[in-house]
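Heads up, the thing below is written out as structure tokens.
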Amino acid sequence: MQVTAKFLLPLALGHLVEAFPRRDLTSATVTVDTTVKYQEVDGFGCSQAFQRAEDIFGKYGLPPVNQTFVLNLLFDKTIGAGFTILRNGIGSSNSSASNYMNSIEPFSPGSPSARPKYVWDGYDSAQFSLAEKAYSRGLSSLYANAWSAPGYMKTNLDENKGGYLCGVTGTSCPSGNWMQAYANYLVQYIRFYKQSGVEVTHLGFLNEPQLAPSYASMLSNGTQAADFIRVLSRTVKKAGLNVKLTCCDGMGWDLQAEMMPELQAGPDPAINHLSVITGHGYESAPTFELDTEVKVWESEWADLTGQFTPYTFFENGTEGEGLTWARRIQVAFTDANVSAFLYWIGAENSTTNSGLINMINNEVIPSKRFWAFAQFSKFVRPGARRVLSSSSQSAITTSAFVNTDGVVAAQLINNGTEPYNFKVAIQGIRKGSHVRPYLTDNDNDLSPLPVLAIQNGREFIGSIPARSMLSLVSAK
Ligand SMILES: *[C@@H]1O[C@H](CO)[C@@H](O)[C@H](O)[C@H]1NC(C)=O
Ligand SMILES: *[C@@H]1O[C@H](CO)[C@@H](O)[C@H](O)[C@H]1NC(C)=O
Ligand SMILES: *[C@@H]1O[C@H](CO)[C@@H](O)[C@H](O)[C@H]1NC(C)=O
Ligand SMILES: *[C@@H]1O[C@H](CO)[C@@H](O)[C@H](O)[C@H]1NC(C)=O
Ligand SMILES: *[C@@H]1O[C@H](CO)[C@@H](O)[C@H](O)[C@H]1NC(C)=O
Ligand SMILES: *[C@@H]1O[C@H](CO)[C@@H](O)[C@H](O)[C@H]1NC(C)=O
Ligand SMILES: *[C@@H]1O[C@H](CO)[C@@H](O)[C@H](O)[C@H]1NC(C)=O
């Protein structure tokens, strides 16, 4: 349990750290104004789709004590990152072979109007059990997201390799129009969860609709997505569910942007039926605002390059490093005004960077990417509002949030080669507050440092190491 020990007792490990100012350093002036409010935060999260939930529950032999440890790292806000969003995959497969996610209607009932043959195993590739455990630790949003409709509902008669949903613009299937059947099917998935005691809060019916890979996938352009959104919205309302609809998990930010005009077009714009626009960070990063009034989530992104860098916060700025992700999260909130930021996999039995936590044999390794997420997610809770922040030094980038309980969390990232002093002025902070800095760098994983006292009524002075991230969190 070395990680836990380090997390709880950073000062006992020999590298005594604090964030008091030093005389020899250049100073950055950071301004936070909690009275200038931007988007509302829904949270941070990950997925355990394609049977990665099974990894957490010991598919490869992880002992129960370590299973609990991983669950706490992901979803407990005292012990771990306190993720509040879990993205479950709605399976389209006819079995659980390989890493398939099994479907609630694995085989065709014969035609779109035939009585569907639903089956519910109360397990959902371990994602159901995971959702229960996550909720018990404080989850607030369960995002159910289909990668594809079952193959028999599609133009290519295959859940894999793209293909379109039969019935959307430009399709014509011998078996007929499956749009209503697919909407009923998605509603039934939510009902099964509900009957078994778990609330699905968000529903998406597409994943990366620009791609036709060898795994579960379904193509769609904006027009076709809009066709189905109208059907789905009507069906969800009729079923009396208050699940929030999302679209379209575009595989990059620019590709999601391309789908926006069609979602806004026509006498009954599809966007009016949506609560969240979802986009991924691959191929094009969330660095700009999408043209919409509804909330926006960055709902999947990861380092898929293969180089394994679990312990590196900064070495040379490559894809898997913690600092890279700290900054990607920050930019998504400040420049793309997202309300949520999700990595791809939370924890998996692998030696790649596609998860935040690696499980290798019995070993649990939270990567520096994980700690970068935790620097935000532990202190920026659902319902928080992003607020105005800025820095006088370009090496120091900032973001800031005020939580519903008034707690202010400001994030300072120093990607410079030198440490800096900082003077943070926080407009609107509660009188008598102090701030506690938390540090992640190559030597620290969210280490709590001694508090910084208030100066001149509203200023906190301290220092930030080179290539590091500090979260300043207010308390009485
Ligand atoms: C099950 O799905 C696979 C594709 O994932 C397909 O090749 C196979 O024919 C299906 N089996 C049945 C019995 O439908
Ligand atoms: C989407 O594809 C359909 C079918 O090919 C086509 O009719 C429609 O114009 C396309 N929409 C856009 C925005 O390209
Ligand atoms: C970055 O550093 C890692 C070691 O952490 C090394 O393996 C890798 O080759 C370096 N990459 C570049 C582009 O310098
Ligand atoms: C941090 O600085 C290095 C150069 O020292 C650069 O390669 C890297 O891209 C920067 N990282 C971020 C997140 O800006
Ligand atoms: C997004 O955030 C920027 C500041 O970072 C702000 O200027 C802009 O108005 C925000 N957009 C919306 C729609 O709130
Ligand atoms: C997954 O777990 C098994 C059993 O502990 C182990 O042998 C294997 O090396 C692990 N795989 C990876 C990629 O870590
Ligand atoms: C995982 O469990 C083993 C014993 O079952 C233990 O030795 C190890 O410290 C645990 N690892 C973590 C990270 O908790």
Side-chain angles (χ1 to χ4, degrees), residues 1-8 50-51 55-58 60-74 76 79-80 89 91-103 105-110 117 119 147-173 175 179 206 209-210 212-229 247-248 250 255-266 269-271 310-311 347 349 356-367 370 445:
M1 301 293 280
Q2 194 198 347
V3 172
T4 314
K6 190 174 177 185
F7 173 66
L8 293 173
F50 292 95
Q51 295 199 24
D55 291 20
I56 295 180
F57 292 120
Y60 297 97
L62 194 71
V65 59
N66 298 31
Q67 294 176 26
T68 302
F69 181 53
V70 172
L71 290 167
N72 287 341
L73 280 173
L74 290 174
D76 186 300
I79 299 170
S92 49
S93 302
N94 58 29
S95 80
S96 295
S98 180
N99 64 1
Y100 296 157
M101 298 182 281
N102 62 295
S103 168
E105 195 180 14
F107 302 106
S108 173
K117 297 191 279 190
V119 287
W147 265 246
S148 174
Y152 55 83
M153 296 188 184
K154 294 163 67 187
T155 53
N156 64 342
L157 296 173
D158 189 347
E159 59 154 336
N160 306 314
K161 305 176 197 145
Y164 295 86
L165 178 63
C166 292
V168 300
T169 301
T171 64
S172 152
C173 299
S175 62
M179 284 206 289
L206 284 176
Q210 299 85 9
S214 61
Y215 51 85
S217 46
M218 187 162 79
L219 296 169
S220 176
N221 66 18
T223 310
Q224 294 161 330
D227 291 343
F228 182 68
I229 288 164
C247 197
C248 315
L255 292 171
Q256 185 54 45
E258 272 177 26
M259 294 181 82
M260 299 310 295
E262 281 70 41
L263 298 181
Q264 279 145 342
I271 194 88
Y311 306 107
N349 184 77
L356 293 173
I357 298 172
N358 293 96
M359 299 176 289
I360 303 172
N361 302 316
N362 285 344
E363 210 186 342
V364 177
I365 306 171
S367 68
F370 172 81
D445 299 329

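The figures that follow rest on heavy atoms only: side chains count, while hydrogens, waters and symmetry mates do not. This structure is a prediction, so every number in the text was calculated from the model and none was measured. In listed order, ligands and their atoms are each counted from 1.
- Checked against side chain to side chain donor-acceptor pair (under 3.5 Å), T223 has no partners two or more places apart in sequence or in another chain.
- Going from atom CG of L71 over to atom CD1 of I79 covers 10.5 Å, rounded to the nearest 0.5 Å.
- Of all atoms in ligand 2, listed by their number and element, those nearer than 4.0 Å to a heavy atom of T169 are 4 (C), 7 (O).
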Ignoring hydrogens and angles, write down the donor-acceptor pairs under 3.5 Å from the side chains of residues 160-168, residues two or more places apart or on other chains.
residue, atom, partner, partner atom, Å
N160, OD1, A216, N, 3.1
N160, ND2, D158, OD1, 3.4

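- Every protein residue with a heavy atom nearer than 4.0 Å to ligand 1 is included here: N94, F107, E159, N160.
- For F50, the ring-ring contact (aromatic ring centres under 6.0 Å, His included) partners at least two apart in sequence or on another chain are W147.
- Taking every non-hydrogen atom of P63 and a distance limit under 4.0 Å, the qualifying atoms of ligand 7 come out as 2 (O), 5 (O).
- For the atom pair N349 CG and I56 CD1, the distance stands at 11.0 Å (nearest 0.5 Å).
- Across C248 and A225, no two heavy atoms sit closer than the pair SG-CB, 4.4 Å.
- Near F69, meaning under 4.0 Å from one of its heavy atoms, ligand 7 places the atoms 13 (C), 14 (O).
- Residues P310 and F370 are not in side-chain contact: their nearest non-hydrogen atoms beyond the backbone lie 4.5 Å or more apart.
- Residue E262 has at least one heavy-atom neighbour below 4.0 Å for each of these atoms of ligand 2: 13 (C).
- Considering both main-chain and side-chain atoms, N66 comes within under 3.5 Å of ligand 7 through a nitrogen or oxygen pair.
- Interface of G170 with ligand 2, defined as ligand atoms under 4.0 Å from a residue heavy atom, comprises 4 (C).
- Looking only at side-chain heavy atoms (C-beta outward), E159 and M153 stay at 4.5 Å or farther from each other.
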